[in-house]
2 protein chains.
Amino acid sequence: MTKQTSSITIRDIAREAEVSVATVSRYLNQNAFVSPDLSDRIQEVMDQLDYIPQATARQLAMRKKNTIGLLVPNMHNNFFAALLAGIEGEVSKHNYNLLVATCRMNQKSGYQFPLGSHNTDGMLVFADSLSDKQIAQLHERQLPLVLIHKSPSGNIKIPTVTIENKAATKKLITHLIEEHHRKHILLVRGSEYQEDSYWREVGFKEALFSHNIPFDENLVIRGSFEREVAYKSMKAFLEDPTHPKFDAIFTGDDDAAVGIYDALKEHGIRIPEDVSVVGFDDSQIAPFLTPPLTTVIAPTEEVGRSAAEQLFCLLNGSDPALVTLHTTEIVLRSSCGCSMNNTIT
Amino acid sequence: MTKQTSSITIRDIAREAEVSVATVSRYLNQNAFVSPDLSDRIQEVMDQLDYIPQATARQLAMRKKNTIGLLVPNMHNNFFAALLAGIEGEVSKHNYNLLVATCRMNQKSGYQFPLGSHNTDGMLVFADSLSDKQIAQLHERQLPLVLIHKSPSGNIKIPTVTIENKAATKKLITHLIEEHHRKHILLVRGSEYQEDSYWREVGFKEALFSHNIPFDENLVIRGSFEREVAYKSMKAFLEDPTHPKFDAIFTGDDDAAVGIYDALKEHGIRIPEDVSVVGFDDSQIAPFLTPPLTTVIAPTEEVGRSAAEQLFCLLNGSDPALVTLHTTEIVLRSSCGCSMNNTIT
DNA sequence: CTGAAAGCGCTTACAG
DNA sequence: CTGAAAGCGCTTACAG
């Protein structure tokens, strides 16, 4: 292991500039007045020696890491590019560092946190990267935390930022019912324990109920928000000769929609003539599907930005919003039966 | 600013376990034998007090940050999700931390590096995030560096990992010429100073030359690898009544292809009947375009993984590969005129 | 306004 | 095998 090659330190600067290290420190941090002539001498020596203060030493002395951490379940999702963009912007605005890590759910020998109070001042925790228990643990240790796309369990007070799932889904399904006269809408249910899918389901049901359409358990596919899984479940559903009739599908998210499209096409079912299909997310591929997918726009970058913002509130001692709900909007394309490209908020 | 709430330290553990801090440290790092009874006592106290060593103190004492940095020009590109996934996997395998930052080219008042020898042991630098001069500076200061999708200027020896652009493009264009009998191929030129686009252009020309097709400067569009820009340049080209005839387009990358598709469609030009179109990257949308885009698969995650790998070589004192070139492969879809979905390596 | 000194929480020769 | 002590490179009361 190569250790860092001996770099020049604040002591070198002090010696060369003929001042004390305390003065150099004050000049560096601009937190106390330093006379102009000393300042000049210090600056000159610093330029000459190309001095950059060691972050670790400074962090240790100040007991502040100037770093926040982002924990995600994995990075294999384009979703995270947008999320990161939002977070990174906010972090750099505050002159903080950003540590990112995935959390491989490690069952054996106790989980080793890659991120925590030992290397960050606070953390952004994305849904499904930590168990409720682990979150509670970090919280107990006073580590500033904000949750993304997930709310805290019990009545722990941890700020959370997420998107409006229920209202958007309700609007989407209502659109299917009122504009396209669909009544037998298939629900592709996402992971049981995923909050987004939970609220989407609630919105789905509410739309049905407010139109006096009974919720039919047989019109539910226990797939998941993964393309392949959705494809297979949909196929199994179609191949079951006893399957109930349906005239529309809410796929839960756009990625699942791709699988659903494939299964439908294989069975010669036309979209939207035979069945309307709608998704959620407005992922990059949504407008390019055939037909273009009607879906819900989730402001992912904004979610990242505001999550970081709440964390900085916590770090600065100001009051964060306990829950930040980003509004979503529907984008009407043609998979629902519409002919235009439109947006309803 | 809230400072870290006084956490428990190695001294607390030592006191409670009735050993010296040196012994606790040795037990923690497992780098010296500690007798079983002391070990037990220490472990017990640590569990009880929920002790986690402060990373900064440890880093300062060891003069090693256990952290690498990734610098990218921006995060607004799905490309980075895959890149990050590869990097993160390797980093966590080595039990390192990963700091990510974007480099906003800041002209005024001298650039402030968000990442450098002050907070990392080494850096991964993505193309277009730092100038050659800045890279040289970091390198002079002995900071271990590896470049991604970019080679070092001059004859500085910095490992670089990138993809095979030239050969893949040559193969792609050759396919257009030999299989689809295209002779008038339009080249959408990417940014002048971007290495990827440079080599793609070279490959493009080589394919032409080896088939005795002269390179025609009039069959070049000075667009860029951005959807909107490509769209506008293509449109301008088509609206110029003097534009030369063409029967194929190499769009430079998939994102640009989307813009090209749009412009072509507006002018009633059919793909691939009237013109073949090919891209580069195999982005997520490529298979969903109408018609599906023939393009080149770039192993982005693999690039990230191996870049991190080279950096760890540097950090461990073993010899890194000075240049790692990842092979790319062509995926034939129907935009070129093929009817099947095939791959040639 | 400036300096000497203690301290941040660890690691690691140096003795024993 | 274990401990006392110095040191990592900074910051910040405390004096003056």
Side-chain angles (χ1 to χ4, degrees), chain A residues 1-42 45-46 49-67 97 116-121, chain B residues 1-42 45-46 49-67 97 116-121:
Chain A
M1 295 281 177
T2 47
K3 310 235 161 154
Q4 170 167 318
T5 54
S6 63
S7 55
I8 73 142
T9 75
I10 198 174
R11 209 170 303 267
D12 298 316
I13 304 299
R15 185 175 8 81
E16 296 299 316
E18 299 181 292
V19 297
S20 71
V21 295
T23 302
V24 177
S25 175
R26 289 185 189 110
Y27 174 70
L28 271 170
N29 296 301
Q30 309 277 10
N31 57 4
F33 202 94
V34 176
S35 67
D37 49 326
L38 292 199
S39 294
D40 288 350
R41 261 153 55 196
I42 294 171
V45 175
M46 288 196 341
L49 269 55
D50 230 4
Y51 173 63
I52 303 178
Q54 284 297 324
T56 43
R58 165 175 243 272
Q59 287 161 9
L60 179 58
M62 314 214 329
R63 300 190 241 21
K64 181 163 181 301
K65 291 162 195 82
N66 238 272
T67 300
N97 291 319
S117 59
H118 59 294
N119 55 6
T120 69
D121 293 322
Chain B
M1 296 280 175
T2 47
K3 310 232 163 158
Q4 170 167 317
T5 55
S6 63
S7 56
I8 72 144
T9 75
I10 198 174
R11 209 170 303 267
D12 298 317
I13 305 298
R15 185 176 6 84
E16 296 298 316
E18 299 181 293
V19 297
S20 70
V21 295
T23 303
V24 177
S25 174
R26 291 187 187 109
Y27 173 71
L28 271 171
N29 297 301
Q30 309 277 11
N31 56 4
F33 201 95
V34 176
S35 68
D37 48 328
L38 292 199
S39 295
D40 289 350
R41 261 153 56 197
I42 294 171
V45 176
M46 287 197 341
L49 269 55
D50 232 4
Y51 173 63
I52 303 177
Q54 286 296 325
T56 43
R58 164 175 243 272
Q59 287 161 8
L60 178 58
M62 313 212 335
R63 298 187 237 31
K64 180 162 180 300
K65 291 162 195 81
N66 238 273
T67 299
N97 290 320
S117 60
H118 60 292
N119 56 6
T120 69
D121 293 322

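Rounding to the nearest 0.5 Å gives a distance of 8.5 Å between CZ of B/Arg15 and CG of B/Leu49. Interatomic distance, CG of A/Leu60 versus OG1 of B/Thr56, reported as 5.0 Å (0.5 Å rounding). A distance of 7.5 Å separates OG of A/Ser39 from CZ of A/Phe33, quoted to the nearest 0.5 Å.
One atom, CG of A/Asp12, and another, P of D/dC8, lie 11 Å apart when rounded to the nearest Å. Across the protein-nucleic acid pair, A/Ile10 atom CD1 and D/dG7 atom P stand 18 Å apart, rounded to whole Å. Taking atom CG on A/Leu60 and atom C1' on C/dT11, their separation rounds to 12 Å, with Å as the unit. Atom CD of B/Glu18 is separated from atom P of D/dG3 by 10 Å (rounded to the nearest Å). Taking atom NZ on B/Lys65 and atom C1' on D/dG9, their separation rounds to 10 Å, with Å as the unit. The CZ atom of A/Arg11 sits 13 Å away from the P atom of C/dA6 (whole-angstrom rounding). As rounded to whole Å, 17 Å separates atom P of D/dC8 from atom CD of B/Gln59. Protein atom CG of B/Asn119 is 16 Å distant from nucleotide atom P of D/dG9, rounded to whole Å.
A/Leu28 has its side chain within reach of A/Met46: a pair of non-hydrogen atoms, C-beta onward, lies under 4.5 Å apart. With contacts defined as side-chain heavy-atom distances shorter than 4.5 Å, the pair B/Ile10/B/Pro53 does not qualify. Taking 4.5 Å as the limit, every side-chain heavy atom of B/Asn119 sits out of range of all side-chain heavy atoms of B/Thr67.
Map B/Asp37 and B/Ala61 each onto its nearest nucleotide of DNA chain D; the residue landing nearer the 5' end is B/Asp37.
Within residues 21-36 of chain A, the residues that have a heavy atom under 4.0 Å from DNA chain C are, in order of number, A/Ala22, A/Thr23, A/Arg26, A/Phe33, A/Val34, A/Ser35.
B/Arg41 places a side-chain N or O within 3.5 Å of a backbone atom of B/Ala17 that can act as its donor or acceptor partner.
Separating the C1' atom of D/dT12 from that of D/dG16 is a span of 16 Å, rounded to the nearest Å.
When Watson-Crick and G-U wobble pairs are counted only if both distances are under 3.5 Å, D/dA4 pairs with no nucleotide at all. Across all strands shown, D/dA13 forms no Watson-Crick or G-U wobble pair with both key distances under 3.5 Å.
A/Thr9 has no side-chain polar atom (N or O) that falls below the 4.0 Å cut-off from OP1 or OP2 of D/dG9. Contact between the side-chain N/O atoms of A/Arg58 and the OP1/OP2 oxygens of D/dT11 is found at a separation under 4.0 Å.
Closest to the side chain of A/Arg63, from the set D/dC8, D/dC10, C/dC8, is C/dC8.
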